Amino acid sequence: MIDEFAITFNGPGGATLDRASPDRDDPDKMATYWADDRARMAALWRGKPLVQVGAGIDGGIDLVWLPKDAPIFQEAKDPPIFLGVDQGAARYALDVSAWEDPSADHEQMRQWLDKSRNHHPSLPEDHLFCELRSVMGELSPADAADIAAAKGCIQWHKSHPFCAKCGAPSEPDQGGWRRYCKSCGAMHFPRTDPVVIMLILHKDKALVGRQAVWPQGMYSMLAGFMEPGESIEAAVRRETLEESGVPVGRVQYLACQPWPFPTTLMIACVGEALTDELDPDFDEVEEVLWVSRQDMQDAAAGVHPRIRGARKGAIARDVLDAWSIGQIPDFDQA
C-alpha cells in the first residue's frame, strides 16, 4: 500500500490568514478591525477576482488588496466578507458585480473558460478582473486560498438569500460567515460540497477522461460528488464504475483542495482498478482512456500529439504530475 505521499501543491490550499473566527461574534472587535487604516479589501466582479497582471520582477499575477475607500467599492450593493487578519490588519472581500462594463464580451464570459479581462476606469491599467480558472495556476498558494474563500462565500450569499426553514429573507451575519433569519431565528452557514477525484491505476497505466465542455484535448482524473451516507472510498468506487465501467478495489486518500467552482472540496484519492476493460457512460463523460507516465509527462510539457494536461492550479494536475514522475507508485509496486 502507499504509506506516504507529499504533494507539491500549487492550488488554493496555502491559506496564511488568521481567520479570527472567534472575533466574528464580537462587535467591538469587528469595529476595531474595520476602523484600522491598514485594513484592505479584495474585489470580485461577477466571480472574477481583481488581480495585477505582470506583477513583480517575475511578471506574474498577484491578488490586489485595495484600501476600503477605493472608488471601485462604490459599486458594491452588499456588505463585505471578513476573511481574517494578516499581521494584525483585517482583510475583506467585496462583490462589485453591480458595475456594468460597457466593453464586456458577454459571449466569451459564458464560456467554460472565460479568457476576457475587465478593467474598471478607476484602477491602474494592469489591475484587471480575470476569470479565476485562467489565473489560478499563476497565483501564489496564499492568494489562491484567500480568493477561494472570498468567491465561495460570496457565491453562497447570492444563492441563499432566503431562510431554508421558513422562507423569509435572511441577513448576512458574523462578518459574512452566517445568515440569520429574523423571522424564525434559524442560522445558516456557508456550505462546502465534497467531491472525490481519483487517480485510478491499473499496473503502469492511469485512467483519465474528459467532458465535452472542456477545452479541446484536455483530460483529467475522474471525479464526482459524494452522496449522503457515503464514505470517501465508496464514492470513489461508485463514481469510477458509473463513469468508466471500471470496478475499483483498494482506495487511499492522497490530498485535498478547496475549489471555488462554486464551493467544493476536492478529495484526491488513488484507487486500484480490478480490470482495464472500459465501458464508459457517455452521458457522464465524452471519453475515458488509459495513459502512461510518459503520456502525462508529454501532456504537461505540451508536446503530446493528442492529450493536454489538466489545468495548472488544480489538484488533478498536481496528482497526475506526481504520478508521472514516480512520486505515486503503482499498487503492485507499493
Side-chain angles (χ1 to χ4, degrees), residues 9 11-45 47 49-51 62-97 132 139-165 168-194 256-260 262-265:
F9 194 56
T16 58
L17 284 183
D18 174 5
R19 293 204 174 195
S21 53
D23 296 340
R24 299 171 189 167
D25 268 331
D26 186 336
D28 292 336
K29 190 69 174 179
M30 295 297 284
T32 299
Y33 284 140
W34 184 254
D36 189 342
D37 290 339
R38 298 175 301 158
R40 292 292 183 269
M41 287 204 290
L44 289 95
W45 180 74
L50 180 66
V51 297
D62 290 342
L63 182 63
V64 173
W65 296 99
L66 296 172
K68 303 190 306 293
D69 60 356
I72 182 68
F73 295 128
Q74 296 176 11
E75 308 282 0
K77 302 298 183 183
D78 299 312
I81 306 296
F82 173 70
L83 296 178
V85 179
D86 180 19
Q87 299 181 8
R91 294 289 183 267
Y92 300 87
L94 192 57
D95 181 43
V96 295
S97 295
L132 188 54
L139 292 173
S140 71
D143 280 353
D146 294 339
I147 206 61
K151 187 176 185 298
C153 203
I154 287 171
Q155 178 60 36
W156 174 72
H157 282 287
K158 287 182 176 296
S159 60
H160 292 75
F162 299 101
C163 175
K165 184 176 180 180
S170 58
E171 298 180 356
D173 192 15
Q174 279 197 336
W177 291 93
R178 185 173 73 183
R179 293 189 70 90
Y180 176 71
C181 177
K182 289 185 176 180
S183 177
C184 71
M187 295 177 288
H188 307 280
F189 298 87
R191 61 176 295 163
T192 296
D193 299 310
C256 66
Q257 176 189 44
W259 192 241
T263 51
T264 59
L265 178 67

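Computed from a predicted model, the values in this text were never measured in an experiment.
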Trace of the side-chain contact (heavy atoms from CB on, under 4.5 Å) decision for R24 with R19: CA-CA 9 Å; R24 299 171 189 167; R19 293 204 174 195; 3.8 Å; yes
Candidates P172, P190, C153 - the one meeting side chain to side chain contact (heavy atoms under 4.5 Å, CB included) with I81: C153
Nearest heavy-atom pair of [X] and [Y]: which atoms, and what distance?
X: I72; Y: L66; value: CG2-CD1, 3.6 Å
X: L94; Y: D78; value: CD1-O, 3.2 Å
X: L44; Y: P49; value: CG-CA, 4.1 Å
X: V64; Y: V51; value: CG2-C, 3.4 Å
X: A142; Y: T16; value: CB-OG1, 3.7 Å

Set of residues satisfying salt bridge (Lys or Arg N to Asp or Glu O under 4.0 Å) with respect to D23, sequence neighbours excluded: none
If you round to the nearest 0.5 Å, how far is [atom2] of [Y] from [atom1] of [X]?
X: C181; Y: M187; atom1: SG; atom2: CE; result: 11.0 Å
X: L265; Y: R191; atom1: CG; atom2: CZ; result: 13.0 Å
X: D173; Y: F189; atom1: CG; atom2: CZ; result: 8.5 Å
X: S159; Y: H157; atom1: OG; atom2: NE2; result: 9.5 Å

4.5 Å side-chain heavy-atom contact, P169 and C163: no
pair L50-W45: side-chain heavy atoms closer than 4.5 Å: no
Below 3.5 Å, can you tabulate the donor-acceptor pairs from side chains in residues 85-93 to any protein atom, sequence neighbours excluded?
{"residue": "R91", "atom": "NH1", "partner": "R38", "partner atom": "O", "Å": "3.4"}
{"residue": "Y92", "atom": "OH", "partner": "W34", "partner atom": "N", "Å": "3.4"}

Residues forming a ring-ring contact (aromatic ring centres under 6.0 Å, His included) with W156, sequence neighbours excluded: H160
Residues forming a ring-ring contact (aromatic ring centres under 6.0 Å, His included) with Y33, sequence neighbours excluded: F82
Residue list, side-chain hydrogen bond (donor to acceptor under 3.5 Å, both in side chains) with Q74, at least two apart or on another chain: none
Test item: D143 side-chain N/O and D62 main-chain N/O as donor-acceptor pair under 3.5 Å: no
Salt-bridge criterion met for E171 and R179 (N-O under 4.0 Å): no
Pairwise salt bridge (charged side-chain N to carboxylate O under 4.0 Å, His left out) hits with a residue in residues 147-164, at least two apart: D95-K158
